[in-house]
Chemist: 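Sending over a structure as structure tokens; questions will come in a sec.
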Amino acid sequence: MKLVIIVCSLVLLLLLFVLRKPLSEVMEGLSFFLFRIGFAVFLLFGVHLLLGMFGFVVPINLFTGAVVAVLGVPGVASVIAISILI
């Protein structure tokens, strides 16, 4: 686990040097993405409760949260379609 944290920290520092962006801009982008993941998990939880009444299960994990955070509404539709088809 410590190795993963060290590698992620080194990659972040490398990106800071390569992209030459101020730390505030990088942190703003990261906080925006983390907010989107949080909202996506909240949205997936609502969909999970709604579809759970009909017998369908929508998984809520980091992968589905990231898919919904990046794709938005089409991401929710794709996660629902994949969970129904599987």
Side-chain angles (χ1 to χ4, degrees):
M1 185 63 153
K2 290 181 182 181
L3 180 64
V4 172
I5 294 172
I6 292 171
V7 169
C8 289
S9 300
L10 289 175
V11 168
L12 181 63
L13 284 174
L14 181 67
L15 283 175
L16 285 174
F17 285 125
V18 170
L19 297 177
R20 301 275 186 207
K21 288 188 176 183
L23 184 62
S24 62
E25 288 183 17
V26 174
M27 294 305 286
E28 182 180 348
L30 183 64
S31 66
F32 180 71
F33 186 69
L34 288 177
F35 174 77
R36 287 188 65 149
I37 285 180
F39 185 73
V41 167
F42 180 72
L43 183 66
L44 280 173
F45 183 70
V47 169
H48 176 76
L49 289 178
L50 183 67
L51 289 179
M53 292 187 294
F54 300 108
F56 296 110
V57 177
V58 177
I60 301 173
N61 53 33
L62 186 61
F63 179 73
T64 56
V67 167
V68 174
V70 170
L71 297 178
V73 176
V76 174
S78 67
V79 167
I80 291 171
I82 290 171
S83 66
I84 289 175
L85 291 175
I86 291 179

Chemist: Using side-chain heavy atoms (C-beta onward) and a distance below 4.5 Å, is Asn61 in contact with Thr64?
Modeler: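 Contact flag for Asn61/Thr64 side chains = yes.
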Chemist: Treating Ile, Leu, Val, Met, Phe, Trp and Tyr as nodes and any side-chain heavy-atom pair under 4.5 angstrom as an edge, say whether Ile82 and Val68 lie in one connected cluster.
Modeler: no
Chemist: Do Val4 and Leu62 land in one hydrophobic cluster if side-chain heavy atoms of ILVMFWY residues count as linked below 4.5 Å?
Modeler: no
Chemist: Just to verify, what does Pro74 make a side chain to side chain contact (heavy atoms under 4.5 Å, CB included) with, not counting sequence neighbours?
Modeler: none
Chemist: Between side-chain atoms of residues 33-51 and protein atoms elsewhere (two or more places apart, or another chain), which donor-acceptor pairs fall under 3.5 Å?
Modeler:
unit_1	atom_1	unit_2	atom_2	d
Arg36	NE	Ala69	O	2.8
Arg36	NH2	Ala69	O	2.6
His48	ND1	Val58	O	2.9

Chemist: Quick one: do Leu3 and Val11 end up in the same hydrophobic cluster if we chain Ile, Leu, Val, Met, Phe, Trp and Tyr together by side-chain heavy atoms under 4.5 Å apart?
Modeler: yes
Chemist: Examine Phe54 and Val57 and state if one hydrophobic cluster contains both, with Ile, Leu, Val, Met, Phe, Trp and Tyr joined whenever side-chain heavy atoms are less than 4.5 Å apart.
Modeler: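 No; tracing contacts between hydrophobic side chains, which count when under 4.5 Å, never links both residues.
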Chemist: For atom CD of Glu25, decide whether the heavy atoms of other residues, nucleotides or ligands shown that lie under 6.0 angstrom number more than 12.
Modeler: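 For Glu25, atom CD is crowded (more than 12 foreign heavy atoms under 6.0 Å).
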Chemist: Are Val79 and Val70 co-members of a hydrophobic cluster defined by side-chain heavy atoms under 4.5 Å apart?
Modeler: yes
